[in-house]
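Just so it is clear, the values below take in all heavy atoms, side chains as well, and ignore hydrogens, waters and symmetry mates. Residue numbers start from 1 in every chain, and the chains themselves are labelled A, B, ... in the order their sequence lines are given, proteins ahead of strands.
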Protein chains: 2
Amino acid sequence: MTTSPGGEPAERTKAAVLEDVAGLAGVSAMTVSRVLNAPEKVRPETRARVLAAVQELGYRPNFAARSLVTGRSGVLGVVSFDTTLYGPASTLYAIERAAREHDYLVNIASLEAMTRRSIAEGVDRLRQQSVDGVIVIVPHESAADGLRDLPPDLPVVDVGGGERLSVPAVAVDHHAGAVRATRHLLELGHETVHHLSGPANWIDANNRMQGWRHALRGREIPPPLAGDWSANSGYEQGKRLSRDPSVTAVFVANDPMALGLMRAFREAGRRVPEDVSVVGYDDVPEAAHFWPPLTTVRQNFATLGRQAFQLLLNRMVGHDTSERRTVEPELVVRESTSRR
Amino acid sequence: MTTSPGGEPAERTKAAVLEDVAGLAGVSAMTVSRVLNAPEKVRPETRARVLAAVQELGYRPNFAARSLVTGRSGVLGVVSFDTTLYGPASTLYAIERAAREHDYLVNIASLEAMTRRSIAEGVDRLRQQSVDGVIVIVPHESAADGLRDLPPDLPVVDVGGGERLSVPAVAVDHHAGAVRATRHLLELGHETVHHLSGPANWIDANNRMQGWRHALRGREIPPPLAGDWSANSGYEQGKRLSRDPSVTAVFVANDPMALGLMRAFREAGRRVPEDVSVVGYDDVPEAAHFWPPLTTVRQNFATLGRQAFQLLLNRMVGHDTSERRTVEPELVVRESTSRR
DNA sequence: GCGAAGACTGTTATCGCTAACATAAAACGT
DNA sequence: ACGTTTTATGTTAGCGATAACAGTCTTCGC
């Protein structure tokens, strides 16, 4: 039933199935299955014979059949917004690596928009391909709502979402990061610190803004500006800020915006750091080579991703925690900040 | 068999299956299946009844069962090296978008290393979860070999690989891009153009280097330096180059390295573009805000990704092309280059 | 008014695998 | 030596969907 008519055993028309291997090894299909899933339960010589047959036929278990009967797929999903951004991309990468080590595959669903609906849709798309669990990287207010609509039977872990989520979560402590950045500037003798924030309703943006506010307590708090994370928006808002001569220190909510802002200041004739000090956020790999090298807050995305996977793994094996883990960011001082 | 004991119909213990829906709608399972897959073959009123039942039970088809019998999974795989890099990340994103529009899901396998072995392993991992096709983004010499070992029954499309591949491929014409960059510098009156290349054995790096060489024919061709794509390597090699006073123009194989290089030149007291002109490659979103704004070669990763998906789709439906498509890069002139 | 074609819907078999139980063979204690 | 446990393998019965075929009921032409 298995032998190909014309000679070469490697030349089969259809892919080999369990039964074929069993036939060739002279055992039952079940034994082959065991060799693959619980080798210790099969006598070494039998095992060897089966393995040889597997090898010879180039047998590969049928994923669909297996997961139909086991109810597990070995695939997990990641819902993310714009995986082109440094943060999500790095987190995704770390998740993928962690997943691979545990023999999980990662399926991605990026979102066009960040609405409650689109999150639900993203999760849904993944669920239809029966992922075993989902990690949601949507640092937006809408995520909180989006996560509420989820079916309770699907293990979900959130990354960088809000505080009051019903699911396990990992997040960087942006409040602390912002405080560190702002204090650093105050300690350098600046009267106050201006802030260029991320877009409204982004959790990260809000947390950083709050941290900034917190560190500024008791002082004059200038009205914050908001960008859209892009260098370009940093440039535009920078142009505006540079007209205000009282500005001597700016805490910018991410590195690309800081880059744009520094360009605007430079073009306006205000030197960084001599006239104005700037602190960014993220520590993208290029930040050390900006002009001037950027003082910034480093987020450890690798840890973030790994922790997210760990949490998901816990939930998938049943531990019904709604644990929340925090990753501490770190201030990296370079040359874009100086004493007043 | 389906009704929950205590009231709320939404509260079932096990997920509803086809049979449950059929029961509730008073039809056979087959009819339900048809409503879902070929609605026009079912009378409108029956269809409505079935749909209502689907709704009520929150029925979702079982992916594994479906793909077991149809032999298709609706998932495609992307094998890529370091999805944190701008190029791969953008390509991946475009692929994912295109895939979504055609109701495919994307599975990723990032590679630790870029050897022939690791590529084969990556493809294998994906194949085990029975993807319907694979897109390989590995712009490295090893890819060519890695692709040779692949099973012939799996549709594969290559992105940015070498020229002599046996599979359909999409690639940016880096040779042309490099020629444009180099000519631009020559036309500005520079005697010759130096080159900071990417790492050896990267296809893109080689193509760009060849284009640079080609555009320089008839002139003195300075020995190229090589970096590893990182801003840091650009900085290091930039320090070396900046010691050579004869250097007036540099074509750098990507934007981050150009950033590092410009920093090195600035620190060495050589102004860009007054003393030295620099051209980068990629046009990352930040390039317009580098100091000075970087003249660079823009790659359209979105198109690249979309085309790759198209090609894969063609192969999956059977068209056995080994078509090779090319995407043209575009020179974007900014302020890092000036007349000699 | 009646057979044929068409429109719907149902039945059966099967995809490839593994859980659970059944059996056979080997190992063991007394 | 003989029941009992242990170890190794085989058998059976689905998992949840769809393909292919088989009916049933309309509809229609003449």
Side-chain angles (χ1 to χ4, degrees), chain A residues 1-2 12-51 53-54 57-75 127-132 153, chain B residues 1-2 12-51 53-54 57-75 127-132 153:
Chain A
M1 182 218 241
T2 304
R12 233 161 303 90
T13 330
K14 257 178 103 281
V17 300
L18 214 49
E19 202 65 49
D20 302 333
V21 178
L24 184 59
V27 297
S28 76
M30 196 57 231
T31 297
V32 179
S33 172
R34 270 192 279 257
V35 167
L36 268 32
N37 298 305
E40 77 283 358
K41 292 192 176 170
V42 174
R43 199 177 352 141
E45 14 175 343
T46 320
R47 196 191 309 159
R49 225 168 52 241
V50 170
L51 253 20
V54 165
L57 296 176
Y59 168 75
R60 322 174 55 77
N62 180 302
F63 165 74
R66 174 179 285 178
S67 78
L68 175 57
V69 61
T70 60
R72 303 182 345 100
S73 67
V75 178
R127 223 156 83 87
Q128 277 178 28
Q129 314 301 303
S130 71
V131 296
D132 292 338
D153 54 309
Chain B
M1 182 214 242
T2 304
R12 234 160 302 90
T13 330
K14 256 178 105 278
V17 300
L18 214 46
E19 201 66 47
D20 300 334
V21 178
L24 184 59
V27 297
S28 75
M30 196 60 230
T31 297
V32 179
S33 171
R34 269 192 280 258
V35 168
L36 267 31
N37 299 304
E40 76 284 357
K41 292 192 175 171
V42 175
R43 201 182 344 146
E45 13 175 344
T46 320
R47 197 191 308 160
R49 227 169 49 242
V50 169
L51 253 20
V54 165
L57 296 177
Y59 169 75
R60 322 174 55 78
N62 179 303
F63 165 73
R66 173 179 284 177
S67 80
L68 175 58
V69 62
T70 61
R72 302 181 346 98
S73 68
V75 178
R127 223 156 82 88
Q128 279 178 28
Q129 313 302 306
S130 71
V131 296
D132 291 340
D153 54 309

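- The CZ-P distance, from B/R34 to D/dA20, rounds to 13 Å in whole Å.
- Formation of a donor-acceptor pair under 3.5 Å by the A/R34 side chain with backbone atoms of A/V42 is not found in this model.
- For the atom pair OG (A/S33) and NZ (A/K41), the distance works out to 10.5 Å, reported to the nearest 0.5 Å.
- When all heavy atoms of A/A29 and A/E19 are compared, the closest pair comes out as CB-OE1, 3.9 Å.
- Between B/T46 and the options B/V32, B/T31, B/V35, a side chain to side chain contact (heavy atoms under 4.5 Å, CB included) holds for only B/T31.
- Note on A/S28: a base of the nucleic acid sits closer than 4.0 angstrom, heavy atoms only.
- Remark: B/S33 is in phosphate contact with D/dT18, judged by side-chain N or O atoms under 4.0 Å from OP1 or OP2.
- The two atoms that bring A/Q129 and B/F63 nearest to each other are OE1-CE1, 2.9 Å, heavy atoms only.
- Rounding to whole angstrom units, CG of residue A/N37 and C1' of D/dT9 are separated by 16 Å.
- Read 5' to 3', the first and last nucleotides of DNA chain C with an atom closer than 4.0 Å to a heavy atom of chain A are C/dG16 to C/dA20.
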Can you list the steps and then say if A/Y59 with A/L36 is a side-chain contact (heavy atoms from CB on, under 4.5 Å)?
CA-CA 11 Å; A/Y59 168 75; A/L36 268 32; 3.6 Å; yes
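- Taking each heavy atom of A/V131 and A/S73 in turn, the nearest pair found is CA-OG, 3.8 Å.
- At whole-Å resolution of the value, CE in A/M30 and C1' in D/dT12 are 12 Å apart.
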Run A/N62 and B/L68 through side-chain contact (heavy atoms from CB on, under 4.5 Å) and show every step you take.
CA-CA 8 Å; A/N62 180 302; B/L68 175 58; 4.1 Å; yes
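- Sorted by residue number, the members of residues 62-74 of chain A with any non-hydrogen atom under 4.0 Å from DNA chain D read A/L68, A/V69.
- Nearest heavy-atom pair across B/E40 and B/R47 is CA-NH2, 4.2 Å.
- Looking at residues 42-50 of chain B, you'll see B/V42, B/R43, B/T46 sit with a heavy atom under 4.0 Å from some atom of DNA chain C.
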